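Just so it is clear: chains get the letters A, B, ... in the order the sequence lines come, proteins before strands, and each one is counted from 1. This one's a predicted model, so the numbers in the text were calculated from it and none came from an experiment.
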Amino acid sequence: MFPQHRNVVVAQTQTFCVISLESNPQTSSEPASLPAEDISTNSNGPKQDSLFDDDPEDLFAEATEEVSLDSPERDVLLSDGPSPAITPITPPTSVITPCIGHAHDDMFTHSSFDEIEEEEGGDSFDMHISVSDPEKVGDGMNAYMAYKVTTKTSMSLFKRNEFSVKRRFSDFLGLHSKLASKYLHIGYIVPPAPEKSIVGMTKVKVGKEDQSSNEFVEKRRSALERYLMRTVKHPVLLKDPDVLQFLESSDLPRAVSTQALSSAGLLRMVNKAADAVNKMTIKMNESDAWFEEKQQHFENLDVQLRKLHASVESLVCHRKELSVNTAQFAKSAAMLGNSEDHTALSRALSQLAEVEEKIDQLHQDQANADFYLFSELLGDYVRLITAVKGVFDHRMKTWQKWQDSQMLLQKKREAEAKLQFTNKPDKLQQAKDEIKELEGKVQQGERDFEQISKTIRKEVSRFEKERVKDFKTIIIKYLESLVQTQQQLIKYWEAFLPEAKAIS
Amino acid sequence: DTTFRSYSDDPRAVNVDLQTDATLQVDISDALSERDKVKFTVHTKSTLPNFKQNEFSVVRQHEEFIWLHDSFVENEDYAGYIIPPAPPRPDFDASREKLQKLGEGEGSMTKEEFTKMKQELEAEYLAIFKKTVAMHEVFLCRVAAHPVLRKDLNFHVFLEYNQDLSVRGKNKKEKLEDFFKNVVKSADGVLVAGVKDVDDFFEHEKTFLLEYHNRVKDASAKSDRMIRSHKNAADDINRIASSLYTLGTQDSTDLCKFFLKVSELFEKTRKIEARVAADEDLKLADLLKYYLRESQAAKDLLYRRSRALVDYENANKALDKARAKNRDVLQAETSQQLCCHKFEKISESAKQELIDFKTRRVAAFRKNLVELAELELKHAKGNLQLLQSCLGILKGNT
């Protein structure tokens, strides 16, 4: 274990391989989104491809009002009310048994979905949202931060090319809550909103105008901007009237139910617990390998991204420490230079102090890049993957509901068969009616399951494309920040070297 | 044959102006680290008649270096010299503990992780080892370079006697005695420092050294903290590289090649970052630590001179008293003459020593600051090349 040392002198040389390549600027092009149709105020459901057109208007009008004040993940199984799912036309090769994957693959691979989308024509994605100008409104514990949300776009979906509104954090949470309640349970990956922080906000409310509360506000501002951009990049969510209203309308009803300690908040927590228990008890016969494979993939990705995130967070922390310690060393070196009585050495030490001071600022800037580019990217994706996993869970629940209906139908049929031999015409009729109703439910259940499965395939494909693009773009930006730091370091040390040599 | 070695990447003799001549050259040619001790092979080349051979080696341990140093300090004849500071005790405890923990945790990590960590810890151990060798060597070289100390008998015994010097470490009682001696010295030191010196040169030196010593101490501590943060950041980049590698092997999209390339990049850049921290440690932190010890040795010299001055003044007073009473005048006169002679001898050699100290200090700082800047540049350029070439590949493929 302990190195034996025969000869202490060790030559250390390093050679570096130089490859110079042209660097191509990253061009961003978004896939074509769904057509921008007229959105009447009545219909606020997700518009599917026109291939599966139907009339969801009435169903949706009610559902939205009911749902927006409730918890976003209201368990659909809890109520027998109007199911916000759209009834799609069953594809020609549908099957009643749960073995679906196969047949659908032929007709509805994600590539063909893309073709369909592009065929619809319409605007290509051209939109930029910025969140800026955080402003404290009010005083004390009722104070809040208002952010300016500016949209710049050439898409015909919007009345104007550029417009701004003022929004507060709970507005963003309210938007997410509405979108989640409408879309999550039918398989859409709704980007999660930035996390609440009671501690962070309290500092701001209390009026601490210090660096840590400024950092908190900036962190939040940046997170809100990324959240909105991710949301509007989703072709279906972009068209949602709640999203449009959020971006455009100057008045927005206050989203009360988003407060952490409200009754709605508590209901959310209870439902989350119920969901967790339900998940454990659902044993689905997964006949479609694609889903199993994807779930495993996201599971692995989750683990690895969390690990990487933790390491990057540690780097941010140590880089900040390095900045602080470098600044302290700089001061100390300056003092040493002052007391040095050899003039040339004294001057060189003072210059060393100056270099180190500049370098400490460099470390601070790099720590910011570490955080805002790398760390936040990972944090966002850890949360996004939770949403993805949620969508898979909803599919399981949809399957379960279908299975339950089927079992109930079976029971009712058996009961009806028994009733045939009794002389109770009323009860028999009742049983026949119930069976008819249940048959409809079973058919609906199957259609829901197929629909959510199809939606998820599409969503996952879109998600993966976005993921690849996001990671590539941001990591390249991050590497560029590292390049800049090194270039600056070279500048500083090159300026110092002659000073050191001048000591005589 | 004169040998002037270049010490570009070598931690040895970082802080000493190495103008050794052929009459006496000392170095540590080998070193062995065992359980709880380090054995240094001290190698001497000399044309002096004092030695039986022209070239010879002995094995010495840390305690024997300390014994030699202390013998200089206790020698009244050397009161007028800056005694080269003793090398610090080799301290592998932390490193050893880490290696042991790693051995215990072997089962809980993959083979690659284990090998990687083991390599890093061994490198760390090696770095500490090289440093302690360097510091012990510098001590000997300073002694060998000093016109008077190089002739010291104990030094020759140290170099030549090929048996164990049977110098045990100080026992508790002796350590306690040392402690009290130091307490008395610092109390005295404060008293004596308060007395304004008639001699401008020494007055200036006193003010200068007191302030300088404190500031070097502060700078040394701050540079250590800065370098430790740097090491921590390099370790994080290491973990990031590993995570990216795992992501790269798992991913089924375009990202897999991307992640693998970035992982490879970070593996290389973190090695450079670790080198930066190590070089800063050698060129900056060690430099400051060394001058912390030397400035202390210089302060000790000033203290001894002040003591001699006090003794001289007391002897003068005693002589006046004796003359007034006309008793023991001869005795008082002899005593006064001795004190005077001692004081003047110390003052004369101290002046030269302090001038030499300044020369050495300026030369060492110059050398190390230049080398520090050159290494920082080299590493930054290396990092830059790696980053730019990787970016070129990544951008070209997307």
Side-chain angles (χ1 to χ4, degrees), chain A residues 1-9 11-12 14 16 18-24 26 297 300 304 307-308 311-312 314-315 318-319 321-322 325-326 328-329 332-333 335-336 339-342 345 348 352 464 468 471-472 475-476 479-480 482-483 486-487 489-490 493-494 496-497 500-501 503, chain B residues 9-10 30-33 99 122 125-126 129-130 133 208 211-212 215-216 218-219 222-223 225-226 229-230 232-233 236-237 239-240 243-244 246-247 250 253-255 258 262 358 362 365-366 369-370 373-374 376-377 380-396 398:
Chain A
M1 263 288 187
F2 305 115
Q4 306 280 304
H5 217 45
R6 285 296 130 196
N7 208 318
V8 183
V9 181
Q12 301 196 19
Q14 279 170 313
F16 300 101
V18 184
I19 312 165
S20 57
L21 291 170
E22 298 294 307
S23 62
N24 303 324
Q26 180 78 3
H297 161 71
N300 293 342
Q304 288 309 317
K307 201 161 145 207
L308 181 59
S311 299
V312 176
S314 178
L315 176 63
H318 286 138
R319 193 94 78 176
E321 254 176 40
L322 177 59
N325 289 340
T326 305
Q328 285 190 341
F329 172 71
S332 189
M335 297 282 276
L336 184 64
S339 67
E340 172 58 64
D341 66 350
H342 184 273
L345 178 55
L352 177 69
E464 290 287 83
V468 171
F471 270 81
K472 281 188 179 175
I475 289 183
I476 284 179
L479 294 182
E480 283 170 348
L482 293 173
V483 164
Q486 296 302 317
Q487 283 170 331
L489 275 174
I490 290 173
W493 287 111
E494 268 176 353
F496 176 72
L497 187 55
K501 286 186 169 160
I503 304 169
Chain B
D9 251 10
D10 195 321
D30 198 1
L32 190 62
S33 167
L99 273 168
E122 278 175 354
Y125 191 95
L126 190 65
F129 187 70
K130 281 206 267 195
V133 167
F208 163 71
E211 192 184 61
Y212 187 81
R215 296 202 176 166
V216 160
D218 189 58
K222 302 268 161 70
S223 78
R225 287 226 291 268
M226 177 177 76
S229 292
H230 223 133
N232 287 340
D236 288 326
I237 298 175
R239 277 188 281 271
I240 291 171
S243 283
L244 282 172
T246 314
L247 274 168
Q250 279 181 0
T253 63
D254 248 6
L255 280 181
F258 194 89
V262 177
K358 184 163 168 175
V362 173
F365 269 78
R366 182 189 191 282
L369 288 178
V370 167
E374 285 171 347
E376 294 271 5
L377 268 174
K381 286 183 179 157
N383 259 337
L384 185 62
Q385 264 175 6
L386 285 172
L387 285 164
Q388 284 176 326
S389 97
C390 182
L391 263 174
I393 294 174
L394 292 177
K395 280 177 169 172
T398 43

Worksheet item: Does some side-chain heavy atom of B:Phe258 sit less than 4.5 Å from a side-chain heavy atom of A:Ile476?
Response: yes

Practice prompt. Measure the OG-CG distance between B:Ser243 and A:Leu308 for me, rounded to the nearest 0.5 Å.
Written response: 5.0 Å

Worksheet item: Taking the inter-plane angle between the rings of B:Phe129 and B:Tyr125 on a 0 to 90° scale, is it parallel (under 30°), tilted (30 to 60°) or perpendicular (over 60°)?
Response: parallel

Practice prompt. State whether B:Glu376 and B:Lys381 are salt-bridged, where the test is any N-O pair (Lys NZ or Arg NE/NH1/NH2 against Asp/Glu carboxylate O) under 4.0 Å.
Written response: no

Worksheet item: Among A:Val468, A:Leu482, A:Leu489, which has the most heavy-atom pairs under 4.5 Å with chain B?
Response: A:Val468

Item to complete: Can you tell which part of A:Glu464 gets under 4.5 Å to a heavy atom of chain B, answering side chain, backbone, both or neither?
Response: side chain

Item to complete: Count the heavy-atom pairs under 4.5 Å between each of A:Arg319, A:Glu480, A:His297 and chain B, then report the option with the highest count.
Response: A:Glu480

Worksheet, complete the sentence: Sorted by chain and number, sequence neighbours left out, side-chain contact (heavy atoms from CB on, under 4.5 Å) with B:Arg225 holds for A:Asn325, A:Gln328, B:Lys222, B:Arg228

Worksheet item: What part of B:Phe208 is in contact with chain A, defined as an atom under 4.5 angstrom from a non-hydrogen atom: side chain, backbone, both or neither?
Response: side chain

Worksheet item: Are side-chain N/O atoms of A:Ser311 and B:Asp236 paired as donor and acceptor at under 3.5 Å?
Response: no

Fill in: Residue A:Phe471 versus chain B: region with a heavy atom under 4.5 Å
both

Discussion item. Which atoms of B:Val370 are under 4.5 Å from chain A, going by heavy atoms: the side chain, the backbone, both sets, or neither?
Written reply: both

Worksheet item: Do the side chains of B:Leu384 and A:Gln487 get nearer than 4.5 Å, heavy atoms only?
Response: yes

Discussion item. As an exercise: rank A:Asn300, A:Ile490, A:Asp341, A:Leu352 by heavy-atom pairs under 4.5 Å with chain B and give me the winner.
Written reply: A:Asp341

Response to the item:
When the 4.5 angstrom heavy-atom criterion is applied to A:Leu315 and chain B, the contacting part is both

Worksheet, complete the sentence: Counting heavy-atom pairs under 4.5 angstrom with chain A, the leader among B:Leu247, B:Leu244, B:Ile240, B:Thr253 is B:Ile240

Discussion item. Using a 4.5 angstrom heavy-atom cutoff, name the option from A:Lys307, A:Glu321, A:Lys501 with the most pairs to chain B.
Written reply: A:Lys501

